[in-house]
Structure formats: C-alpha cells, structure tokens
Protein chains: 2
Amino acid sequence: MQRFAPDYGWFGGGFGPAPMHSAPTTGAGSMTPGPTAAPVSPERLPDGAEGQLTSDEYNAWRGFLRSHQALCRVLDEELQRDTGVPFVHYDVLVQLSNAGGRLRMRDLAGRLLVSRSGATRLIDRMERDGHVIRERCSQDGRGQYAVLTSEGLKVLDRSRPSHLRGVRQRFLSQIDDDQLLAIGAAFTRVLRELERETGESLL
Amino acid sequence: MQRFAPDYGWFGGGFGPAPMHSAPTTGAGSMTPGPTAAPVSPERLPDGAEGQLTSDEYNAWRGFLRSHQALCRVLDEELQRDTGVPFVHYDVLVQLSNAGGRLRMRDLAGRLLVSRSGATRLIDRMERDGHVIRERCSQDGRGQYAVLTSEGLKVLDRSRPSHLRGVRQRFLSQIDDDQLLAIGAAFTRVLRELERETGESLL
DNA sequence: GGCAAATCGTTGCATCCGCAATCAACTATA
DNA sequence: TATAGTTGATTGCGGATGCAACGATTTGCC
C-alpha cells in the first residue's frame, strides 16, 4: 500500500509529462498506471506565482483536511455509542450551556457555523429528544430562544468526560506544548482573516 | 457582540453554580441570561482526570474545528464560482491525477475518506459532467476503475492555480514557517494515532 | 474441483444540510 | 401615524451522504 507522492498533487510538478488518459467516449485501455510515477523532489519552492505547494505546506494543508475528517468521524461514533448524542447535538449543548442556558436561533446558528434553516431543524430534533425547548422572545416577537433543559444539561455532563478523553487521546496528546501554541495561534489568525473577508464573526 | 467565555465550555468550570433552566414541560421564563457569567481564569490545568481543557488546548481544538468549517465553505464557494467544480470533485480529480489517471473505486473511497456508496454516487455525477469515465477492471471482474478524462484533467489544471491561491491567502500565509512545520508534524501524528486505532490507512 | 466466506460496487432508504421563498414582526423615514 | 424596507424563523425542495442489503465475483480451504 505504498504511496509515493503524498497525493493531492499540490507540489513538485506531480508526474512529469502528463498522464495518459482515454477519451471520454472510448477508453483505449492500454495503460500501465503506477510504476513510472516520477519521484518527487521535496522542498521545491513555488515556481512562479502559479502555485505549487512545498512539501511542508502540503503536509500541513492535507493533514489539516484529512485529520478533520477522520477525527470527527471517530469522535462522532464514540459519542453516539457512549451517550446516543451526535457530535452536532453535543456542540449545541455546549454552546447553550456556555451562553447561560439559552440562545436566540440566529446566534446559535452563528456559533455553530450552520445556516438558519439548519439550526431550525437541529433544534427540532433536539426538542424531540427533550434536550432543549423553544421559548418565545419577549423583547422581539420574531425571535425564538433555544433553551437548554435539565435533561439536556444532564446529557452534556454525562457525555463531556468521555468526549474530552477522546479529544485528548487522539488530538491533544499527539501534540507537544509548542505545537499546541503554534496551532492555536495559527488558527486564530486564519479565522481572523476569514472574518475580514466574509464579514461574519467567527471568533 | 462581545463573547466573554470563548464558548465550548471546555475549561475553567464554565459558570459556577449551574445555569437555571426551565423544565421541559413549562418554561418558567424568569431568567436573566448573560451578564453574570463568571469570568474565567485562563490556564487552569485539568483538575482531576475528568477533563477540562486549558485555554491553550481549547484554542487549538476549537480553532481547528471552526477553521475547517469556515475555510472549506469559503474555498468551496470560490471553486464553484470560478470553475463550476465543487470542492469534493476537485479532490477526486487530484487523487486520480496523482494516481496516474485511474483508481479503483475502493481505493478512491479510501483516499477521499468517504463511504463506498458515496464514491459511487460521486463518480456518477462526475461521469455525467464528463470529467471521469468508468472502466471495468480486467484483473478483477468485480472491480471498476474511475478514469480521469482529458476534459477532467483540463478542468483540474484550470482550477488549480486559483484554488491554491485561495489556500495560500487564507491558510498558508496566516502561518509562519515554524508553525507550518509544527502543524504538519502534529497532524501526521494525529493521523498515525487514528490509523493505529481504526486500522485504516490514512497517510 | 467445489463450496463457504469475503470482497467489490451498486442501490433503496433515511438523514441531514443549504438555498430560496414565505410569513410575521420590527425599524426607519416621511 | 403610515408605509417601505429589513430581519427572524420556518418550510419546500433538491442535493449529498452513510448504512444495510443485494448480486456478482474472487479467494480460501478441504
């Protein structure tokens, strides 16, 4: 299962000439796929402005993408198995708890980084589960609060330790203190840049 | 739009006593939500084994989660706008290109970290777009290859520069060289740990 | 060789999500 | 105060995904 080029094709010119491919209509089929893949020189800096990634850049970016996928899947499975709560619901419980128990739908959507309709449906489900209830907003007749129920809080308290253990084992304990600081600072800057670009508040 | 406690409630004991909440059946409604949120002491180490996060840990973990959400959304929008290709399709094109132009469905699913049915549907769509075709596998009668078409390769080449520019601007250029190395190394370890746990190959 | 078990890709089904449209309620301006 | 424009939440709809089940094929074992 060796994989020479660490895929994503983002640095080092990939495979030299250009891979053969069959026309969309008929596949010629005389291809010998793997063995002649050009070995890639590491640390090749971006050529012009057109953008290849150095191997360090590549590692960071692809590691970021794939770690997130794999990590979230595993954590979600674990959470569901242990407490029956999906990762997204857990996130809602935490946000509500941190906000003092209640949050306008709009603000909840903002903190979760989901659309408004997404938040509506999410709270629908969690209301069915008895973990939140809706309450009309007295100041603004259009508004709805999502309110954490005692059942919801119990579920949060019950699932937090195991979830945090999972996060520690798979993420935090793989990272030494310097890296932790570096990562925290880097992501803060990333979010700040995205805030600047989109106008949304992300921090 | 101030937000005192950096939400996710993962360090520092959150709000002291326990937030009031109404019973699921009837919301009493006499809550004064925000202002008395207990100020949080930063850098409080995990108390026992039950797991709170230090603020550094919290920053890294939450930054990781939120950056990914925000970043992928923006990059996907940009990619779709510029070239009509969704981020997922781009990933497929890259994987195929790196593999020399063709990949068994199973391997493609593995590299994309999606389910097999997910890969099937994905290739269905991309085949409709003319970016890939299917080819039977001669060695294994069960197998199918997803094969990059010349059209697909053209699309990849056309979208790569702009996409990479976006990745640079929003991610790589927010990170200095030390941080880049730290992040790359950290994620590699994270993936290795997940490989150990799940048995799948992720690197 | 022959049969059981495993693997590959696909499909039905259910779930979840975002966009656009909608209705209700608030705000600003004349 | 009247009216237009904005904002909040919900709903219909289509798209994308995973799980379980299925048929086809290969592999392992006797």
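So that the names make sense, note that chain A is the first sequence line, chain B the second, and so on, each numbered from 1.
- Qualifying salt bridge (charged side-chain N to carboxylate O under 4.0 Å, His left out) partners for B:E200, counting only residues two or more places apart in sequence or in other chains: A:R73.
- With sequence neighbours excluded, the residues satisfying salt bridge (charged side-chain N to carboxylate O under 4.0 Å, His left out) with B:E197 are A:R170.
- Checked against side chain to side chain contact (heavy atoms under 4.5 Å, CB included), B:R116 has the following partners two or more places apart in sequence or in another chain: B:R106.
- For the residue pair A:R104/A:Q144, the side-chain donor-acceptor check at 3.5 Å is not satisfied.
- The distance between atom CD of B:Q144 and atom C1' of C:dT10, rounded to the nearest whole Å, is 10 Å.
- For the side-chain contact (heavy atoms from CB on, under 4.5 Å) with A:L96, the lone residue among A:L103, A:L156, A:L153 that qualifies is A:L103.
- The CG atom of B:L108 sits 14 Å away from the C1' atom of C:dC8 (whole-angstrom rounding).
- Evaluation of the side-chain hydrogen bond (donor to acceptor under 3.5 Å, both in side chains) rule for A:Q169 yields B:E193 as partners, not counting sequence neighbours.
- Qualifying salt bridge (charged side-chain N to carboxylate O under 4.0 Å, His left out) partners for B:D76, counting only residues two or more places apart in sequence or in other chains: none.
- DNA chain C is contacted by both A:R136 and A:V88; A:V88 maps to the nucleotide lying nearer its 5′ end (nearest heavy atom per residue).
- C:dT15 atom P lies 12 Å from atom CG of A:D129, rounded to whole Å.
- Sorted by first and then second residue, the ring pair (Phe, Tyr, Trp, His ring centres under 6.0 Å) pairs with a member in residues 100-136 of chain A form an empty list; sequence neighbours excluded.
- Regarding A:D76, its CG atom lies at a distance of 16 Å from the P atom of C:dT15, rounded to whole Å.
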Subject >> Base-contact (B) and sugar-phosphate-only (S) positions in nucleotides 18-24 of chain C, heavy-atom cut-off under 4.0 Å, - elsewhere >> reply: BB----B
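- The span of DNA chain D lying next to chain B, judged by atoms under 4.0 Å from heavy atoms, is bounded 5' to 3' by D:dA16 to D:dT26.
- Where B:Q139 and A:D140 meet DNA chain D, the nucleotide closest to each residue was compared, and A:D140 sits on the side nearer the 5' end.
- Residues passing the side-chain hydrogen bond (donor to acceptor under 3.5 Å, both in side chains) test with A:S173: none are found, sequence neighbours excluded.
- By the side-chain hydrogen bond (donor to acceptor under 3.5 Å, both in side chains) test, A:R142 pairs with A:D140, sequence neighbours left out.
- Per the geometry, OH belonging to B:Y145 stands 10 Å off P belonging to C:dG9, to the nearest Å.
- At the phosphate of C:dT10, OP1 or OP2 sits under 4.0 Å from a side-chain N or O atom of B:R134.
- Taken over five-pair windows at either terminus, the axes of the helix from C:dG1-D:dC30 to C:dA30-D:dT1 are inclined to one another by 30° (rounded to 10 degrees).
- The side-chain hydrogen bond (donor to acceptor under 3.5 Å, both in side chains) test applied to B:Q69 returns B:R66, not counting sequence neighbours.
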